[in-house]
Protein chains: 2
Amino acid sequence: MSNLKKDRKPLEIPKPTFERLKKYLALLLQEESEYISSEGIAEKLNITPEQVRKDFTYINIKGKPKVGYHIPPLINELSELFGIGVMDNIIIVGAGNLGSALAKYAGFKKIGVRVVAIFDNDPVKIGSFVGELSVLPFSEENLKRVIKRFKVKIGVICVTEESAQEVANVLVRNGIKALWNFAPVTLKVPPGIVLENQDITTGVLTIKHLLEKK
Amino acid sequence: MSNLKKDRKPLEIPKPTFERLKKYLALLLQEESEYISSEGIAEKLNITPEQVRKDFTYINIKGKPKVGYHIPPLINELSELFGIGVMDNIIIVGAGNLGSALAKYAGFKKIGVRVVAIFDNDPVKIGSFVGELSVLPFSEENLKRVIKRFKVKIGVICVTEESAQEVANVLVRNGIKALWNFAPVTLKVPPGIVLENQDITTGVLTIKHLLEKK
DNA sequence: TAGATTGTTAATCGATTAACAATC
DNA sequence: TAGATTGTTAATCGATTAACAATC
């Protein structure tokens with residue numbers, strides 16, 4: 001046993017390309033026309049058309065000279081890349097404003113994500129409704145039941161800095177495979193667990209830096 | 001007039017380095033010891049120590065062999081880079097859950113950001129309190145007054161997809177210099193206006209993709 | 001057909017990694 | 001001093017850009 005290969009196959013798609021593919025998808029989902037050219041995409045995202053075409057060589061898609069790319073199949077192809085066809089059930093821990101905002105977010109459906117439960121420890125919040133969901137007490141028992149019943153792999157952390165690591169531990173202990181962390185802390189997770197930090201404040205640092213040099 | 005130079009001086013710090021510097025700062029602000037080595041930083045962020053040292057060559061900082069980097073001056077140096085010493089007043093448009101979460105976020109202070117007003121058009125929300133702030137009606141008059149009085153340069157967009165572009169237009173028209181957009185739309189802004197998109201959903205796409213290939 | 005736009009290869013550019021000298 | 005860790009240069013790697021042929 002313990003023959004986990006160390007050679008985790010590197011993403012065959014380069015990281016920068018991958019990040020741009022996400023933006024293309026977001027853009028295409030907003031688009032109403034049927035075709036779009038590499039130039040059309042490029043100018044909305046402030047990149048070059050060559051870059052767009054190059055990026056598309058990583059996915060199985062063909063454009064038509066003089067016309068551009070047919071949007072529906074493009075969306076399909078990108079959807080497959082991100083596993084959007086498969087609906088993932090997720091749970092949210094922390095029913096504060098941020099957790100509530102996510103729980104109610106309508107756009108998840110389009111990207112194959114469904115919030116099936118929201119947890120909190122605050123007695124005032126427990127039992128109250130966030131959208132269609134009633135806030136559940138954050139007990140291991142509840143957690144275990146929900147995770148099992150809905151085959152939940154992804155847990156979202158919307159608690160304070162102080163409790164985030166503990167929440168992460170509990171989630172992982174109960175079978176969660178990926179953490180989406182909104183708390184401004186550097187979490188430690190066991191190998192094999194996917195961790196995605198979504199530090200919401202970093203954006204404003206870029207803004208401050210750009211404004212400064214004007 | 002109209003002698004705006006097209007040659008916007010490229011960020012002398014490479015983009016990837018810049019992004020990592022933000023992470024270093026976030027990490028250091030959590031750190032309690034006095035010194036940290038490149039190795040110490042590297043392992044928490046899953047990068048190499050060489051990378052950390054190389055990144056630090058872009059800022060004016062010296063480490064001590066055998067000891068590492070003295071954290072307070074490091075924080076100072078990074079703070080200066082991001083313009084954290086200068087407090088920026090920002091306004092939030094949209095007092096839904098997300099806008100409210102941001103308005104109450106305590107961590108802004110540490111990075112030189114202060115929320116001075118929150119706006120909404122919903123009569124139910126207007127006049128109610130979000131933290132210490134009373135929600136103001138989103139009128140150009142109010143906007144103009146607040147922007148002038150608090151010298152606001154940064155506007156945060158926390159409204160729906162549908163209203164985001166219109167809100168952006170109004171903000172820019174009234175003198176806002178930078179937009180921090182949380183709505184899942186590709187905004188169009190005039191040249192010279194800083195735009196930072198914070199698409200909150202992209203993180204989960206990465207997670208889905210990583211889970212898929214297991 | 002002519003022209004626009006794609007797709008792809010080659011050239012360039014820039015970032016990361018490796019190696020090692022400097023130094024506390 | 002010896003050893004650990006920084007700082008920096010050179011080598012490698014990978015991503016972007018440029019050029020142009022293919023094609024609708």
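First the proteins, then the strands, lettered A, B, ... as listed; each starts at 1. Quick caveat: nothing in here was measured; it's all calculated off a predicted structure.
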Q) Which dot-bracket notation, 5' to 3', represents the base pairing of DNA chain D when pairs are defined as Watson-Crick or G-U with both distances under 3.5 Å, crossing pairs as [ ], and inter-strand pairs as |? A) ..||||||||||||||||||||||
Say whether, by atom type as modelled, one donor and one acceptor occur between the side chain of [X] and the main chain of [Y] under 3.5 angstrom.
{"X": "B/Asn174", "Y": "B/Val170", "value": "yes"}
{"X": "B/Asn181", "Y": "B/Val185", "value": "yes"}
{"X": "B/Lys177", "Y": "B/Lys153", "value": "no"}
{"X": "B/Asn197", "Y": "B/Asp199", "value": "no"}

**Q.** Partners meeting ring-ring contact (aromatic ring centres under 6.0 Å, His included) with A/Tyr35 (sequence neighbours left out)
**A.**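 Partners of A/Tyr35 under the ring-ring contact (aromatic ring centres under 6.0 Å, His included) test: A/His70.
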**Q.** Length of the OH-P vector between B/Tyr35 and C/dC24, whole Å
**A.** 12 Å
Q.
In this structure, how many angstroms lie between the C1' atom of C/dA18 and the CD1 atom of B/Ile47, rounded?
A. 16 Å
**Q.** Ionic contact status for A/Glu31 with A/Lys44, cut-off 4.0 Å
**A.**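 Yes, A/Lys44 and A/Glu31 are salt-bridged.
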Determine all donor-acceptor pairs shorter than 3.5 Å in which one atom belongs to a side chain in residues 98-115 of chain A; sequence neighbours excluded.
residue	atom	partner	partner atom	Å
A/Ser100	OG	A/Ala95	O	3.2
A/Ser100	OG	A/Gly96	O	2.6
A/Arg114	NE	A/Asn89	OD1	3.1

Q: Locate the shortest heavy-atom distance separating A/Glu12 from A/Tyr58; write the atom from each residue and the value.
A: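 Looking at all heavy atoms of both residues, the closest pair is O-CE2, 4.3 Å.
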Q: Using side-chain hydrogen bond (donor to acceptor under 3.5 Å, both in side chains) as the criterion, list what pairs up with B/Ser79, not counting sequence neighbours.
A: none
Distances under 3.5 Å only, N/O to N/O: pair up the protein atoms with those of nucleotides 5-7 of chain C.
residue	atom	partner	partner atom	Å
C/dT5	O4'	A/Lys66	N	3.0
C/dT6	OP1	A/Ser38	N	2.8
C/dT6	OP2	A/Ser38	OG	2.6
C/dT6	O3'	A/Gly63	N	3.4
C/dT6	O3'	A/Gly63	O	3.4
C/dG7	OP1	A/Gly63	N	2.5
C/dG7	OP2	A/Tyr69	OH	2.6
C/dG7	N7	A/Arg53	NE	2.8
C/dG7	O6	A/Arg53	NH2	2.8

Pull out every protein N or O sitting under 3.5 Å from an N or O of nucleotides 9-15 of chain D, one pair per line with the distance.
none

Q: Test side chain to side chain contact (heavy atoms under 4.5 Å, CB included) on B/Leu205 and A/Ile84 and set out the steps.
A: CA-CA 8 Å; B/Leu205 288 181; A/Ile84 286 180; 3.9 Å; yes
